[in-house]
Amino acid sequence: MAAEMVTGALVSTFVERTIDTLASRFVDIFRARKHKKMQLSHLKMKLLAIDVVAFDAEQKQFTDPRVRDWLLRAKDVVFDAEDLLEEIDYELSKSQVEAESQSATNKVWNSLKSSFVSFFQNEIESKMEQVIENLEDLETQIGFLGLKKTSGVGIGSGSSSKLTYTSLPNESAIYGRDDDKEFVFNWLTPDTHCNLSILCIVGMGGLGKTSLAQHIYNDPRIEGKFDIKAWVSVPQEFDVLNVSRAILDTITGSTEHSIQQEVVQRRLKEKLTGKKFLLILDDVWNERQSKWEDVQKPLLFGGQGSRILVTTRSENVAVSMRSEKHLLKVLGKDYSWDLFAKHAFQSSNPQPDPEFTEIGKKIVEKCNGLPLALKTMGSLLHSKSSFWEWESIMKSEIWDFSENESDMLPALRLSYLHLPSHLKKCFAFCALFPKGYEFNKECLIQLWMAENFLETPLQKRSPKEVGEQYFNDLLSWSFFQESGKEEEKHFTMHDLLNDLAKFVCEDICIRLGVDDPTGIIKASRHFSFPTTRADYFDGFGSLIDTQKLHTFMPTNPFRCPWYCKMWINDLFSKFKFIRVLSLSNCYNLKEVPKSVGKLRHLRSLDLSFTDIQKLPHSISLLYKLQILKLNNCKRLKELPSYLHQLDNLRCLEFINTEVNTVPAHLGKLKNLQVLMSSFYVEKSKAFSIQHLGELNLHGSLRIHELQNVDNPSYALEANLKNKADLAELQLEWNIMGNSSVDSTKAGDVIENLRPSKHLKKLSVRNYVGKKFPNWLLDNSLLNLVSLALMNCICCQGVPPLGLLPFLKKLEISGFDEIVRIDGDFHGNNSCSFKSLETLEFSNMSKWEKWDCQALTGDFPCLRQLCIRSCPKLKGQLPEQVVPLERLHIEDCQELEGSASRALYLNLRDCGKLQLDCATMRRLIIGGHNMEVSLLEIVGSSLQLSGIRNLQMISQGLIHNHLERLQIIRCHKLESLPANMHMLLPSLRSLCIEHCPRLESFPAGGLPSNLEELEINNCSRLFGSLKGAFGDNSCLKTLCIVDVDADCIPEEGLLPFSLSTISIYNCPILEKLVYKVDLKMISHASLEDLKVYSCPNMNIPMSRQYDFLVTLTINDSCDSLTTFAIDFFPTLRSLYLRNCCNLQVILQVYAHTQLQDLTISDCPHFESLPERIHILLPCLEFISIRDCPKVDSFSDGYLSSNIKRMYLTNSSKLIASLKGSFGDNSSLEALFIGNLDVQSFPDEGFLPISLTSLRIYDFQNLEKLDYKGLCHLSSLKELFLVKCPSLQCLPDEGLPNRFHQKHILLNHSEG
C-alpha cells in the first residue's frame, strides 16, 4: 500500500489511513487467513479505481444526468465502505479496551481475538463483498460514460492550484452602486408627513441587493436619524407570527416565546409606538398581500418618518406591499472589472501582468455584470498562479451552458469544481442549512470534525487548526460571507451557493419539510429539520434509511423549543452509524435513555437547552465521542465521574448549568477543551480552585466565592496564566455575612490569579484587597477589550488603565474610598484610552475630583460617558474633539461647568452644567432646579422630566431644528414659550404630561407644522385648545389622557386636518360633539377613533359617521346596548372590548368595507348581525372572546372570505359552528379557547381549507377525534396549549400531509 496518500475526490485520507491501519492490525489477528487481509487491499484498490475518474465526473455532472447519477451512487458506496471500516475499527478498539481493563493474559487476548474473528465472519465479510461488488459495477460503467482518469491538477487538487490563505477582502467599498445608494439614502432622509414608507430593492439573485442594504444600514450619515434600527433576514416561508416575532426579537435583543400572534404584535406595537424606526427586511419572497398586511399592522404605529427597506427578487413583492421599488441592474463593464480585480489581484502590484489582465477581462465578460459571480471568480483565480490555469478556466465548456440547464450560474459551478476535494465535502455539507441560516464558525468546524472531513496527516496540526484553515479558505473564496448583523463570528451562504451545495450532494443531505427527496432516496446520510417556536418532530417517513444516517440535527436560528413526538428511545433505535446527534432545545427531553450507549459511532452529542438532570453511565461506552454539549441544561447539577475514560473527547461544554465543579481526572484528556460558565470555590479539598489547573479552559469563566481559598498558593495552581484560550474571566468574592475581611489574603489570591495575556474581558467584583495586583498595574493585559471593577470597597486608587491599547469598555463602580482620580489613571500619557468607546463611573460616594483637563488627547474614540451617583464630584469633564453619542449624568448634584459635547444627553439631578449644543440632537433633563432656555437647545428632541421647580420655559429667537418636545411631571410649570408658533417652526410632536398648573397655550397658538399632540393629566390646558390651531394646521394625531371634560370637541376646538383621535381615562366625558346638529369633527380627514376607559361617553346611533376607518371602544360607553354598523359605512376595523351593556350588533344593508371585527369581554352581548355572510362579504378576521351569551351566527352561515377566527369562552357559539363555513370557505387559521369538552373536533366541524388550528385551555380534553381531522389536507399547524388531560394524538395518526411544520404543546403557554 502506498505510503503517501493524496486526498481524492471521493476517497478521503481518513478512509485510506483506516484501511492501512486495519491491515496492519489484521496481521496479528488473521495470521492463517491471508484472504482477510487481501479483502481490505482489494477494497482499497476498487475505491481508488473510481476515485481517479471522480474529478472528471464532478465536472461532467452539470451537463450529463447519467454521470450525475453515477457520481451520486459512487458517493453512496464510498459511504458504505466508510461505515464498514468504522464497524471494524470500533470492534477492534473495544477489544483493546477490554483487554487493557482486564490486564489481559495471552489466554484472554486470544479469546478476544477469536471473538473478533467470529464477528468479522458473521457481520462484516459478506457486507465487504457487497461493497466491492458495487464498486466493480461502478467501475464497469466508467468507459461507457466516457470518464477519464485525471490527477486533479487544475481542478481542485495538486500543488499548482494550492489554495493560498488570505484574510477576508475588505468589503468597505461597494462597486458601481453609488447612484443606487444615493437614491435609497435620499428616500430615507427627507422630511415627510407619512408615518411609514416602504421601498423594495428588486433584482435577480447575486446582484448585490443585500450588500447594498448593508452599506446603507451602516452608513454613518443615518446615524442618529432613527430611534430604532433593525435588520431581519426573512425566511422564504413567510409566516406572520414568526416574522413578527423575529422583528420583535431583533428590536428588543431578547427572545419572545409567545405563540399567540396577537400577543406578539401587541408587544411589537408597544415598542414601536411613536418611535421613528428603520427596518431592513432582507430577501422577502412573500407575494400574498394579506400576509404582509398582517405583519404591517403594528409597524404602522411607528413615528413619523419610519422606513422599511426590503430586498427581493420579485416585483410582485413590491406590489403586494404597496411599496415604491428600485430596480437594481447589472454592473457596468468598468465596475465589473474593478470588483473582479479587487478579488483576483488582492496582493499584487497595482499593475498586474498584462496577460492575466487580458484573460481576466474575457472572464469578466462571461460573468455578465453579476457581483456574486465576479467576486467568486476573482477569489478563485487569486489562488491560480499560472497563466494556463486562467486560460483553462476561461475556455471551460461550462460557460457555454445556460444558467437554466442546471439553474446555477456558470461562474459558481466553475468555482466549485476548482475547490480542493476536502473543501468540496465541507461546502456540500452546508446544504443541511436552510437558506439565510446564520451559522457559527466554531460550531461548523466541530461538525466537520465529527464527520471526519478534516484531514490531519501525521497529526502535524490539531483538527481545530485544520478546520479553521478550511473555513478561512471557503471564506476567502467567497463561499461563505459574514452576516449583516453585528454579532461576532456568524456567517451565512448566499442563496445561490446554497442551491449549488444542494445540487452537488442531492439527497445525501436532506432538510425535512424543505427538500422533496429525489434520486437515490435511500442514500441520505445527513438529516436536518428546521424548527420554529411551534414545531415538532414526528418521524422520518418511509423515504430515508435511518440506519445509514450520519447526522441528525435541528437547524434552529432562534433556539426555538421543539417537541419530539417519538419516544427518545425509539429515535435512538433508528440509528446505527450516527456520528452527529443534536437534541438541542427538545423541551420534552427529561432523561437520556441508556440506549445512547448503543450509538457506538457517535462523535458529537448536543443536549443543550433540555431539562435533563443527569447523564446515564452508558455514555462511557461511546469510545469515539469527541464533542459533548450540555449548555443551558438548567437542571443538570453534576457531571458523571467517568468522563475521563472517553479518550477521544475533545470538547466538553456545560455553560449556564447548575454544575459548579468538574469531575476529577479530566486533566488526563490532554486534547480536551472545556467550556464552563461558573466554578464555585469551596473549602472542601474536593472543590478546591486547584482543580482548574489541569483543565484546558476555553471561552468564559466566572469564579465565585474566592474568599474560600484557604491558601493563596492554591490560586497559583489554578494556572490561569497559561490558559490562552480563556477569553473572559470574572473574579468574585462574597463578603455578605462575613464579619472579618482578610484584605492581605485577598490581595495574595488575586495576585496569583494572573490571567493569560490573551484575555479579552475581565471583571473583578467585591474584591476586598487594598490595592490591585501587579498584573493589572503594569498593563500586562494588553489585549483587554472590556474591564469592569465593581464594589472594590477597600481600594484607595484605580489602576493606570489608560495605556491598554485595545480597551473599548470600562466600568468602575462602588469604590467607597476613592476621593480623587488623577493622571495616574490615564497613564500620564498625552494619548491615553485610545480605543475606549464606553466609560461608566457609578456609586462613588467620596469621589470629588477628576483631573483630566491637562490631558487633551485622551479618549479619542469615546462614544458613551455615564456618571451616576457620584454626589460629591465637582469640576470639569473631559473635553472631546469628536462629540459623544451619549452622555448620561445622574445624581451628581455638585457637578458644574461645561458638559462634554454629545448627540444625546440625559441629565438628572446634577449641578448647573453648561451645554455645548452645536451637535445636540436629543436632551432629557430631569430632577433638578433650573430654568430652561430653548435658545440653547438646537437638537431635534428635548425632554424635560421631573424638574421640581421649573415654572417657565423661555425662548427669544427662532429655533429651526427642534422636532420633538416632551414636558413630563413639571408640577410648577405655568407657561410655555411665548410665540412658540413662530419660534418653533419645525416642531412636529408635542407631549405634555402631569403639569397641573399649566393653563393655556401661548397667544398665537401652536406651530402650524405640529402633527402629533398628547395632553395627559392637564385638564386646564386642554380647555385652552380652542383657537390654538390656525387655518393651516397639519395636526394629524391627538391623544387625550386623564382630562376632566364632558365634551370633545368643542365647536372650533380641533383642526380639520386631524386623522386620529385617542382618548384614555376620561371618566366624565359624555359626548364627542358640541351641538346635536354638528357632525363629529370633520369627515374629510378623521379616520381612526380610539376610546378607552370613558364609561359615560355616548356615541349616538342616529347619524352617519361616513369618515371613520377604524373604531376602538374599550371599557367605555356603558350606555351602549346596540351598535348599528350601517351608520359607519367606511369602517374597515371595529374593536369592541369590555362594553359592559352591549347586547346587539345591528345591520340592514350590505357593508363592503369591514374586514376586521373583534368583540371581547362583553358579558351581555347576545347577537351578531343577521345574514352576516351576505351583509359583511369582505370580512376576513373575526374574534369573539368571553361573550358567553352569544349562541350562534345568525342564519348559521359565515362570510366565505373569512380567513382567521378567534373564539374563546363562547361555548354556545363554538358549538353552532358546524356547517357554518360552507363549501367555499377561505378560513385558514382558527383559534379556539376555554371549551369544556372531552373530545374535539366533531366530524364535519372544521373546514377543509384550514391550515392552522390552535386549541387553548381545554382543561378536560382527553382525545382528538380523528374523524374531525382526517379531511384537513392543508393543515400545517396544530397547537395544543394548556390541555393537561390530553395524553396522546389519535391512534389513526394525523392527516397525511400534516408533518414537521407543527407543534404539540401540552402544558402552559411559553
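- Side-chain contact check for Leu1230 versus Met1205: some heavy-atom pair is nearer than 4.5 Å.
- For Phe1181 and Tyr1206, the distance between ring centers is under 6.0 angstrom.
- Lys590 NZ: more than 12 foreign heavy atoms inside a 6.0 Å radius.
- Around the NZ atom of Lys291, the shell of radius 6.0 Å holds more than 12 heavy atoms that belong to other residues, nucleotides or ligands.
- Residue-environment remark: CD (Glu591) stays at or below the threshold of 12 foreign heavy atoms within 6.0 Å.
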Test Ile1159 against Val1190 for side chain to side chain contact (heavy atoms under 4.5 Å, CB included), laying out the working first. CA-CA 11 Å; Ile1159 307 168; Val1190 182; over 6 Å; no
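- Of all heavy-atom pairs between Ile1125 and Ile1145, the closest is CD1-CG2, 3.5 Å.
- Judged by distance alone, the side chains of Asp1257 and Gln1259 do bring a donor and an acceptor atom under 3.5 Å apart.
- In this structure, Ser1116 contributes its side chain and Ser1093 its backbone to a donor-acceptor pair below 3.5 Å.
- Applying the salt bridge (Lys or Arg N to Asp or Glu O under 4.0 Å) rule to Lys1090 yields the partners Asp1088; only residues at least two apart in sequence or on another chain are considered.
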Go through the steps for Glu1228 and Arg288 under the test salt bridge (charged side-chain N to carboxylate O under 4.0 Å, His left out), then give the verdict. CA-CA 14 Å; Glu1228 297 176 356; Arg288 291 183 57 181; 2.8 Å; yes
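- Of the inter-residue distances, the one linking Arg511 atom CZ with Phe529 atom CZ reads 14.5 Å to the nearest 0.5 angstrom.
- Between Phe1245 and Phe1240, the ring centre distance stays below 6.0 Å.
- Under the 3.5 Å distance criterion, the side-chain polar atoms of Asp1265 are left unmatched by any main-chain donor or acceptor of Ser1239.
- Looking at heavy atoms from C-beta onward, Ser1226 lies out of side-chain contact with Ser1249 at the 4.5 angstrom threshold.
- Residues Glu1170 and Leu1175 approach most closely at O-CD1, 3.2 Å, considering heavy atoms.
- The OG atom of Ser1285 sits 12.5 Å away from the CZ atom of Phe1258 when rounded to the nearest 0.5 Å.
- You'll find the side chain of Leu1069 stays beyond 4.5 Å of the side chain of Ile1040, heavy atoms only.
- The shortest non-hydrogen separation linking Ile1184 to Ser1210 is O-OG, 3.9 Å.
- Salt-bridge formation is not detected for the pair Glu1087/Arg1132: no Lys NZ or Arg NE/NH1/NH2 atom is positioned less than 4.0 Å from an Asp or Glu carboxylate oxygen.
- A salt bridge is absent between Lys276 and Glu1012; no separation between the charged side-chain nitrogens and carboxylate oxygens falls under 4.0 Å.
- A side-chain N or O of Asp1236 and one of Asn1260 form a donor-acceptor pair less than 3.5 Å apart.
- Nearest heavy atoms, Lys275 versus Ile228: CB-CD1, 4.0 Å.
- Summarising the geometry of Cys1283 relative to Leu1261, their closest heavy-atom pair is SG-CD2, 4.3 Å, with the distance given to 0.1 Å.
- Listed for the His1271 side chain is a donor-acceptor partner under 3.5 Å among the backbone atoms of Leu1246.
- A donor-acceptor contact shorter than 3.5 Å is absent between the side chain of Ser1211 and the backbone of Leu1235.
- Salt bridge annotation for Lys297-Asp1156: present, with a cationic side-chain nitrogen under 4.0 angstrom from a carboxylate oxygen.
- For the pair Tyr1256 and Val1281, the minimum side-chain heavy-atom distance is below 4.5 Å.
- When only modelled atom types and interatomic distance are considered, Asn1138 and Asp1115 share no side-chain donor-acceptor pair under 3.5 Å.
- A donor-acceptor pair is defined here as one N or O able to donate and one able to accept, closer than 3.5 Å; such a pair exists between the side chain of Trp562 and the backbone of Ser584.
- For an aromatic pair to be called close, the ring centres must be under 6.0 Å apart, and Tyr1105 with Phe1128 satisfies this.
- Rounded to the nearest 0.5 Å, atoms CG (Asn242) and CG (Asp249) are 10.0 Å apart.
- With a 4.5 Å cut-off on side-chain heavy atoms, Val243 and Val234 count as touching.
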Let's go through Trp292 and Val310 carefully: what are the C-alpha distance in whole Å and the side-chain angles of both, what is the deciding distance for side chain to side chain contact (heavy atoms under 4.5 Å, CB included) to 0.1 Å, and is it a yes or a no? CA-CA 12 Å; Trp292 167 244; Val310 179; 5.9 Å; no
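- For the pair Ser244/Val295, a side-chain contact is recorded, criterion being any heavy-atom separation below 4.5 Å from C-beta on.
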Is there a side chain to side chain contact (heavy atoms under 4.5 Å, CB included) between Phe1123 and Leu1142 once you walk through the steps? CA-CA 8 Å; Phe1123 189 93; Leu1142 179 66; 4.2 Å; yes
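- Atoms CD1 and CH2, on Ile247 and Trp231 in that order, are 14.0 Å from each other to the nearest 0.5 Å.
- In terms of modelled atom types and a separation under 3.5 Å, the side chain of Ser306 and the main chain of Phe277 share a donor-acceptor contact.
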Asn1016/Asp1042 under side chain to side chain contact (heavy atoms under 4.5 Å, CB included): CA gap, chis, key distance, verdict: CA-CA 6 Å; Asn1016 186 334; Asp1042 281 309; 4.1 Å; yes
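- When atom types are taken as modelled, the side chain of Ser1216 and the backbone of Ile1214 share no donor-acceptor pair closer than 3.5 angstrom.
- Atoms CD and CD1, from Gln1147 and Ile1174 in turn, are 10.5 Å apart once rounded to the nearest 0.5 Å.
- Heavy-atom minimum distance, Cys1178 versus Asn1201: CA-ND2, 4.3 Å.
- Asn1141 places no side-chain N or O within 3.5 Å of a backbone atom of Leu1120 that could act as its donor or acceptor partner.
- Side-chain contact between Tyr563 and Cys586 is absent, with no heavy atoms from C-beta onward closer than 4.5 Å.
- Side-chain N or O atoms of Gln265 include one that pairs as donor or acceptor with a backbone N or O of Asp294 at under 3.5 Å.
- Expressed to the nearest 0.5 Å, how far CD of Glu1180 lies from CG of Leu1157 amounts to 13.0 Å.
- Considering only heavy atoms from C-beta on, Ile1182 stays 4.5 Å or farther from Leu1176 through its side chain.
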